[in-house]
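Here the structure is a predicted model, which means the values were calculated and not measured.
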Amino acid sequence: MSTVRDSQKLTAKRLAAGTVALGAAAFGYASGIERRHYVLRTAELPVLAPGAQPMRVLHISDLHMLPGQQAKQRWVAALDRLEPDLVVNTGDNLAHPKAVPAVLRALGPLLERPGLFVFGSNDYYAPKPKNPARYLMPRGKKKRIHGRKLPWRDLRAAFLEHGWQDLTHVRHTLTVAGQTVFAAGLDDPHLRRDRYGEIAGPAEPATLRLGVTHSPEPRILDPFAADGYDLVLAGHTHGGQLRIPGIGALVTNCELDRSRARGASRWGAHMWLHVSAGLGTSPYAPARFACPPEATLLTLVERGRTTANTTKATPRKSPRAIR
C-alpha cells in the first residue's frame, strides 16, 4: 500500500515540477521574446465613399516608449518605407519622463506625412507598479492609480510643429492623397476625459469620415456610429496582452467585449472599428503572450466590398518586404 502512495506522491511532485517549469518557460518567452517580436498587421476595410481610390492608413498605438528602447525606435521609423497616405496615432506614447526624444526618433520620418493624433493615459501619467491580478478584476472595483505627470505638452508641441493635427475634441477636414477626410477625436475615455458633446453632430460629407480615440469604450462608439462615421480607430487594449490560443483575450481593460480586443470588427450596421494591439507594454508588466506588439497598415477601399481581410507579416524583416 505504501508503495502505491509513494508512487502517487512522486507523480504529483513531477506534475507540480512540470507545471512550474512550463510556467517559467512561458513567462520567459512572453517577457523576453514575444514583447520584442514586432509585427506589421495588414487589413483591408470597405469604408470609403463609392468611387473612391484606395487609401493607405498607418495605425500606430501604445508605444509605451522608454528612452533606451532603440530596437523599437528603429522598427517604427522603418515603417515610413510603406509610404502611407495618412498616419493615425491613438495615444499612450510615453512610459518615462525622458522618453519624448525617443518617441520623436521612432516617429521621425512619419512626422513628415499627414498625421492625426489623440493622447491616452500614459501620455499624461507615468505607469506605476500594480498587482497584475487587478487586470482580471471587474472595472468598477478598480481604484485608479496615477504615476507622476509626463511631459505630454512637449510631445504635443513637437507633433504640431511637424504638421500633425491634434484631434482632441476637434472636428477637422484634411486632404489625403487627393481625397477628403473628415476626422474628429476625443480625449482619453479611460480617464473619463472625453467630452463627446464638443464634437457631436452629423459627420460632414467626405471620402472618409474618421473617428479617433484612445480607449474604445462602447459609450463613445455608439455616438460615433449614430453621427455617421465610417471608421473609428482606437488602441489601449494591448489586444489583451496575454491571449490564450483558441480563447483569445482574457481582458480588454475597458468595457469593450473581449472578441474585439484586437483587429477590425463591425460596430452597428454602417461603422467599422479597428483596435490596435499596440507596440509596447507597461515597464511593470513587460510580457506578451500570443499577442505580439504591432502596427497596422490599413488599406481603405470603397464601401460595398466584402468583409475585412486581415493578415500578419513577419516580425524583424524590413516593412519593405511586404509592400
I need the minimum non-hydrogen distance between Leu86 and Leu210, along with the two atoms involved. CD2-CD2, 4.4 Å

Identify the two heavy atoms, one from Arg303 and one from Pro46, that lie closest to each other, and give their separation to 0.1 Å. CG-O, 3.4 Å

Under the ring-ring contact (aromatic ring centres under 6.0 Å, His included) definition, can you give me all pairs with a residue in residues 41-72, not counting sequence neighbours? His59-His274, His64-His238

side-chain hydrogen bond (donor to acceptor under 3.5 Å, both in side chains): pairs with one or both residues in residues 104-121, sequence neighbours excluded: Gln73-Arg105, Asp80-Arg113

Within 45 degrees of the axis of the six-membered ring of Phe119 and under 6.0 Å from its centre: does Arg193 put its NZ or CZ there? no

From Asp62 atom CG to Glu294 atom CD, the distance as rounded to the nearest 0.5 Å: 10.0 Å

Heavy atoms, side chains only, cut-off 4.5 Å: are Glu204 and Arg171 in contact? yes

When rounded to the nearest 0.5 Å, the distance separating NE2 of His270 from CG of Leu231 is 15.0 Å

Would you check if Leu40 and Thr296 make a side-chain contact, meaning some heavy-atom pair closer than 4.5 Å? no

Among Val212, Leu116, Leu160, which residue satisfies the side-chain contact (heavy atoms from CB on, under 4.5 Å) criterion with Gln165? Leu116

Report yes if the side chains of Phe182 and Pro205 come closer than 4.5 Å at any heavy-atom pair, otherwise no. no

Partner set under salt bridge (Lys or Arg N to Asp or Glu O under 4.0 Å) for Asp194, not counting sequence neighbours: Arg219

Can you get from Leu104 to Leu66 by hopping between Ile, Leu, Val, Met, Phe, Trp and Tyr side chains that sit under 4.5 Å apart? no

Without swapping roles, check the side chain of Glu302 against the backbone of Gly51 for a donor-acceptor pair under 3.5 Å. yes

Going by atom types only, do Tyr196 and Asp227 share a side-chain donor-acceptor pair under 3.5 Å? yes

If Ile, Leu, Val, Met, Phe, Trp and Tyr residues are connected whenever their side-chain heavy atoms lie under 4.5 Å apart, and connections chain through other members, are Trp272 and Trp267 in the same group? no

Answer yes or no: is there a side-chain heavy-atom contact under 4.5 Å between Tyr124 and Lys149? no

Please check if Val118 and Val176 belong to a single hydrophobic cluster, counting links between Ile, Leu, Val, Met, Phe, Trp and Tyr side chain heavy atoms closer than 4.5 Å. yes

Output field: ring centroids His236/His190 closer than 6.0 Å: yes

Are the side chains of His169 and Leu186 in touch, meaning some heavy atoms are under 4.5 Å apart? yes

For a quick test of reading the model, state the closest non-hydrogen atom pair linking Ser215 to Ile220 and the distance between them. O-CD1, 4.2 Å

Where Ala184 and Tyr229 come nearest, the two heavy atoms and their spacing: CB-OH, 3.2 Å

Can any side-chain N or O of Asp85 pair as donor or acceptor with the backbone N or O of Arg56 at less than 3.5 Å? yes

State, yes or no, whether a side-chain contact exists between Leu221 and Leu256 at a heavy-atom distance under 4.5 Å. yes

Does any part of the side chain of Val301, heavy atoms only, come nearer than 4.5 Å to the side chain of Leu48, both counted from C-beta? no

Please check this pair: side chain of Gln241 against backbone of Thr252, looking for a donor-acceptor N/O pair closer than 3.5 Å. no

Between the side chains of Ser61 and Ser276, is a donor N or O closer than 3.5 angstrom to an acceptor N or O? no

Does Ser265 form a side-chain hydrogen bond (donor to acceptor under 3.5 Å, both in side chains) with Arg260? I'd like the steps, not just the answer. CA-CA 7 Å; Ser265 62; Arg260 303 174 192 264; 3.1 Å; yes

Would His214 and Asp92 count as a side-chain contact (heavy atoms from CB on, under 4.5 Å) here? Give the steps. CA-CA 8 Å; His214 177 63; Asp92 272 12; 3.2 Å; yes

Thr213 OG1 to Asp188 CG distance, which is reported to the nearest 0.5 Å: 6.5 Å

Does Ile60 form a side-chain contact (heavy atoms from CB on, under 4.5 Å) with Val76? I'd like the steps, not just the answer. CA-CA 9 Å; Ile60 291 176; Val76 173; 4.3 Å; yes

Between Val103 and Leu94, does a side-chain contact (heavy atoms from CB on, under 4.5 Å) hold up when you go through it step by step? CA-CA 8 Å; Val103 171; Leu94 304 173; 3.8 Å; yes

Criterion side-chain contact (heavy atoms from CB on, under 4.5 Å) on Arg258 and Ile247, from CA distance to verdict: CA-CA 10 Å; Arg258 294 184 298 107; Ile247 296 176; 4.3 Å; yes

To the nearest 0.5 angstrom, please state how far the CD1 atom of Ile244 sits from the SG atom of Cys291. 12.5 Å

If Ile, Leu, Val, Met, Phe, Trp and Tyr residues are connected whenever their side-chain heavy atoms lie under 4.5 Å apart, and connections chain through other members, are Phe224 and Val275 in the same group? yes

To the nearest 0.5 Å, how far apart are CE in Met55 and OG1 in Thr299? 11.0 Å

Could you check if a side-chain atom of Val57 sits within less than 4.5 angstrom of a side-chain atom of Leu297, using non-hydrogen atoms only? no

Please work out whether the ring planes of Phe117 and Trp164 are parallel, tilted or perpendicular, with thresholds of 30° and 60°. tilted

Is the backbone of Leu63 close enough, under 3.5 Å, to the side chain of Lys72 for a donor and an acceptor to pair up by distance? yes

SB check Arg156 Asp166 (cutoff 4.0 Å): yes

Cys254 versus Glu217, closest heavy-atom pair with distance: CB-OE2, 3.1 Å

For Ala203 and Arg209, which heavy atoms make the closest approach, and how far apart are they? CB-CD, 3.8 Å

Nearest 0.5 angstrom please: Leu233 CG to Leu298 CG, how far? 6.5 Å

Is Leu300 reachable from Met271 through a run of I, L, V, M, F, W or Y residues, each pair having side-chain heavy atoms under 4.5 Å apart? no

